[in-house]
Peer 1: 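My questions will all concern the structure given below.
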Amino acid sequence: RISQFQQQRRQLQVLKRGRFDPLRLIPAGHFTIFILSISVSLDLVFSDTLPATIGPCDVPKPSSWNPVEQSKWKSWQQLGNMATTEAMRLFVKILEEEDPGWYSRASNFVLEPTIDVQMNHYSNFEPITENGNSFAETKTITAENGSLVQTQDKDVISEGLGSVVIYDTWISPPITGQNPKARYQHGAAVVQEKMYIYGGNHNGRYLGDLHVLDFRSWTWSKVGTKAVESPSPVNIAPCAGHSLIPWGNKLLSIAGRMKDPSETIQVKAFDLQTGTWSMLKTYGKPPVSRGGQSVNLVGTTLVIFGGQGANRTLLNDLYILDLETMTWDEIDVAGVAPSPRSDHAAAVHAERYLLVFGGSSHATFFNDLHVLDLQTMEWSKPAQLGELPTPRAGHAGVTIGENWFIAGGGDNKSGASKTIVLNMSSFVWSVVTSVEGTVPLASEGLSLVVGSLKGDDILVSFGGYNGRYNSEVNILNPSCKLNLQSNITEAPSAVHNVTNTTRDLRSEFEIGQGKIREIVMDNVDSKPTISECEKTNERIIATLKVEKQELESSLSEEKLQSLQLKQQLLEAETRNAELYKELQSVRGQLGTEQSRCFKLEVEVAELRQKLQTMETLEKELELLQRQKAASEQAALNAKQRQGSSGVWGWLAGNPPEYTAIDNHA
């Protein structure tokens, strides 16, 4: 049973990474019961976290007089009859809801090391406990060409995470404590080597919790919050798409989407000392409420640009909030402003220039770069050099010196896999590293902050959404940390006319399309030997060959796809011809019916004429009948007159025959 349980534990790890079929986890005829919390009507609570492997339910049904045992038996019977796939999903779902950090702790009990092939350029360092000391375990890294490259011993000194000096590679550090709920469109800020995470969106629900990650111990903890006691209670509503800005001993939450949005932007403040939330009162004309805007701290002012209003109206207005007077000011700018957009990234260079990159409208994703001179308040669009990034929205960016690092984002089709950097003096883009597959670094709505590791500035990402909500923390130690004086401060005209594209390439050199970056080690000579250079060249050549093969394979796939599309087009044309024939047949039938209808209309017209003729005949017949009646009446009258004249004639001495003869005459 112990070996079986260990095997199922390893299989469950693979399932957690999304690369395992849950149908293979449970043997036929058996069922693995993991009961976290099941309450019955009699407050019966099963074992809280104890996993047990039990066979099928063959126990006779208890008596109905024992409701507790009957409830147990019924639950056991239902679990045993449940489909294995549904049972496994239910198990993982309950784990995620009850204990989001279960997997990070469960992985510590795996006896055999596993190979993590979740993503490229991704080193996993999981803690190994030995004699009470925690060490970082070196895992296999997947290169871009798909081959497995074992991490060299010279890259890592086995004294914990603090000694890891691998540059330009995203790694997942060992973290303790309970992870926050997976989310995206949250706010993140760093105060005194601690990263604070506030709000966000999970499954369409806005969050209002606050968590902190201590960079010194790499431990998560939840921050208890409360509202300021006042006669009128303050309602701190959960939100997403807001901006979190550190200001003194406070965290400022600006704007954001809420369930019941306000008419104007709200500014909330969290006091790190008292642990209380408050709503700050502002003056002037505040901007309309929005989400997906950019907020940057410049001196003692906040610069707010763009976003999407509560009625889904895209914005490109510019506002400034003076944090000393808490007064809003709408700025009238010169030049051509960026088109209305949201979910873009913005950075401030030399305390004078505001750079805006990317974002999206309702149907378009951008990769343009705009610069606002905060002294003249004039927009410009400089020429971008180097490897131009793909259009994206929902990305995050931070600055180190004159370098602007950007990670994540997407275009609703795929996530942006490349972590890029812009030299804000020369406007030259470079690729820091790239990941493959559906990984948190290729997510929309992730956060990116600057942390510290043994005195080095590192990039720390958290959360995001790429088809699933993430709660992972990843770090990257960039090699290009140039702290040179900005060329923009010396020559403001460089914003409009970029002529200096020279970069400091001392820390890297290019061979073909590959890059070899110098890895600086403590107490290790960084000068490579000739044999190491030859090996490096051979590795690069091998990598290029593999990439060539991949490109040829991709070309073959594209040709095959093209043939398939041609076949589909031919089928569509054939189907179109058949439909055209059917249309012609229907048109013929319609013509026949129209002819028939015309004939019927002619017959109806003829019948109407006959009907009118019959009416005329009826009128003539009626007239003849009247004439006949009149004639008969006249004859009757004449006969009556004849009879009266005979009597008077006889009295007068005239014989009747003579009177009749006279009348006849």
Peer 1: So if I apply the side chain to side chain contact (heavy atoms under 4.5 Å, CB included) rule between V604 and each of E601, R608, E606, which one comes out positive?
Peer 2: R608
Peer 1: Is the closest side-chain heavy-atom distance between N412 and F365 below 4.5 Å?
Peer 2: yes
Peer 1: Please tabulate, one pair per line, all N/O donor-acceptor pairs under 3.5 Å involving side-chain atoms of residues 569-592, not counting sequence neighbours.
Peer 2:
unit_1	atom_1	unit_2	atom_2	d
T574	OG1	L570	O	3.0
Q584	OE1	R587	NH1	3.0
T592	OG1	G588	O	3.1

Peer 1: Work out which heavy atom in N316 is nearest to a heavy atom in A337; give both atom names and the distance.
Peer 2: ND2-CB, 4.3 Å
Peer 1: Quick check against the 3.5 Å criterion: does N466 have a side-chain atom that pairs as donor or acceptor with the backbone of A442?
Peer 2: no
Peer 1: Give the ring-plane orientation class for H344 versus F305, where under 30° counts as parallel, over 60° as perpendicular and anything between as tilted.
Peer 2: perpendicular
Peer 1: Within the 4.5 Å heavy-atom criterion, are S471 and F462 side-chain neighbours or not?
Peer 2: yes
Peer 1: For a quick test of reading the model, state the closest non-hydrogen atom pair linking G359 to A393 and the distance between them.
Peer 2: C-CB, 3.7 Å
Peer 1: Which distance, rounded to the nearest 0.5 Å, do you find between the CZ of R290 and the CG of L314?
Peer 2: 11.0 Å
Peer 1: Quick check: closest heavy atoms across Q308 and S342, and the distance to 0.1 Å?
Peer 2: N-CB, 3.8 Å
Peer 1: Using only atom types and a distance under 3.5 Å, with no angle test, would you say the side chain of D411 pairs donor to acceptor with the backbone of K413?
Peer 2: yes
Peer 1: Kindly indicate whether the side chain of H202, heavy atoms from C-beta on, has any atom under 4.5 Å from the side chain of Y469.
Peer 2: yes
Peer 1: Taking all heavy atoms of A346 and all of L354, pick out the closest pair and write down the distance.
Peer 2: CB-CD1, 4.1 Å
Peer 1: Please confirm whether the backbone N or O of Q609 pairs with a side-chain atom of T613, one donor and one acceptor, at under 3.5 Å?
Peer 2: yes
Peer 1: Sub-3.5 Å donor-acceptor pair from the side chain of T169 to the main-chain atoms of Y167, do we have one?
Peer 2: yes
Peer 1: Only one of L388, V421, N367, N423 clears side chain to side chain contact (heavy atoms under 4.5 Å, CB included) with W429; which?
Peer 2: L388
Peer 1: How close do A347 and W404 get, counting heavy atoms only, and between which atoms?
Peer 2: CB-CE2, 3.4 Å
Peer 1: Once rounded to the nearest 0.5 Å, what's the spacing between atom CD1 of I420 and atom CZ of R392?
Peer 2: 4.0 Å
Peer 1: Yes or no on side chain to side chain contact (heavy atoms under 4.5 Å, CB included) for S289 and T264, after CA distance, side-chain angles and deciding distance?
Peer 2: CA-CA 4 Å; S289 63; T264 59; 5.9 Å; no
Peer 1: Would you confirm whether S443, through its side chain, and L446, through its main-chain N or O, come within 3.5 Å as a donor-acceptor pair?
Peer 2: no
Peer 1: Could you tell me if Y319 and E330 have a donor-acceptor pair between their side chains, going purely by distance under 3.5 Å?
Peer 2: yes
Peer 1: Is the closest side-chain heavy-atom distance between V546 and E550 below 4.5 Å?
Peer 2: yes
Peer 1: To check you understand the geometry: which heavy-atom pair defines the closest contact between P238 and M258, and what is its length?
Peer 2: O-CG, 3.5 Å
Peer 1: What do the steps show when you test H242 against Y198 for ring-ring contact (aromatic ring centres under 6.0 Å, His included), and what is the final call?
Peer 2: CA-CA 9 Å; H242 54 287; Y198 169 64; 5.2 Å; yes
Peer 1: Does H370 form a side chain to side chain contact (heavy atoms under 4.5 Å, CB included) with F357? I'd like the steps, not just the answer.
Peer 2: CA-CA 7 Å; H370 299 265; F357 168 73; over 6 Å; no
Peer 1: Starting at OG1 of T616, measure out to CG of L611 and round the result to the nearest 0.5 Å.
Peer 2: 9.5 Å
Peer 1: Which residues pass the salt bridge (Lys or Arg N to Asp or Glu O under 4.0 Å) test with E387, not counting sequence neighbours?
Peer 2: K418
Peer 1: Among residues at least two apart in sequence or on other chains, which ones pass salt bridge (Lys or Arg N to Asp or Glu O under 4.0 Å) with D209?
Peer 2: R183
Peer 1: Report the C-alpha separation of V356 and L369 in whole Å, then their side-chain angles, then the decisive distance to 0.1 Å, and conclude whether the side chain to side chain contact (heavy atoms under 4.5 Å, CB included) test is met.
Peer 2: CA-CA 6 Å; V356 174; L369 178 66; over 6 Å; no
Peer 1: Evaluate the side-chain proximity of W170 to L459: yes if any heavy-atom separation is below 4.5 Å, no if none is.
Peer 2: yes
Peer 1: NE2/H349 to CG/L422 distance, rounded to the nearest 0.5 angstrom?
Peer 2: 9.5 Å
Peer 1: Are the side chains of V473 and V460 in touch, meaning some heavy atoms are under 4.5 Å apart?
Peer 2: yes
Peer 1: How many angstroms lie between CG in L318 and CD1 in I304, if you round to the nearest 0.5 Å?
Peer 2: 8.0 Å
Peer 1: What pairs meet the salt bridge (charged side-chain N to carboxylate O under 4.0 Å, His left out) rule with one or both residues in residues 332-344, with sequence neighbours excluded?
Peer 2: R341-D368
Peer 1: Go through the side-chain N and O atoms of N470 and R468 and say whether any donor and acceptor fall under 3.5 Å apart.
Peer 2: yes
Peer 1: Between H186 and S447, does any side-chain donor sit less than 3.5 Å from a side-chain acceptor?
Peer 2: yes
Peer 1: So, taking the atom named CD in Q384 and the one named OG in S426, what distance separates them when rounded to the nearest 0.5 Å?
Peer 2: 11.5 Å
Peer 1: Okay, side chain of T313, backbone of G309: is any donor-acceptor separation there less than 3.5 Å?
Peer 2: no
Peer 1: For a 4.5 angstrom cut-off between non-hydrogen side-chain atoms, does F427 reach L355?
Peer 2: yes
Peer 1: According to salt bridge (charged side-chain N to carboxylate O under 4.0 Å, His left out), does anything in residues 588-599 pair up with another residue at least two apart or in another chain? List the pairs.
Peer 2: none
Peer 1: Partners of Q549 by side-chain hydrogen bond (donor to acceptor under 3.5 Å, both in side chains), sequence neighbours excluded?
Peer 2: none
Peer 1: Between D168 and T433, does any side-chain donor sit less than 3.5 Å from a side-chain acceptor?
Peer 2: no
Peer 1: Are any of the side-chain heavy atoms of S294 and N296 separated by less than 4.5 Å?
Peer 2: yes
Peer 1: I'd like to know whether I254 forms a side chain to side chain contact (heavy atoms under 4.5 Å, CB included) with I265, so could you lay out the CA-CA distance, the side-chain angles of the two residues, the decisive distance to 0.1 Å, and finally the verdict.
Peer 2: CA-CA 7 Å; I254 298 95; I265 282 183; 4.0 Å; yes
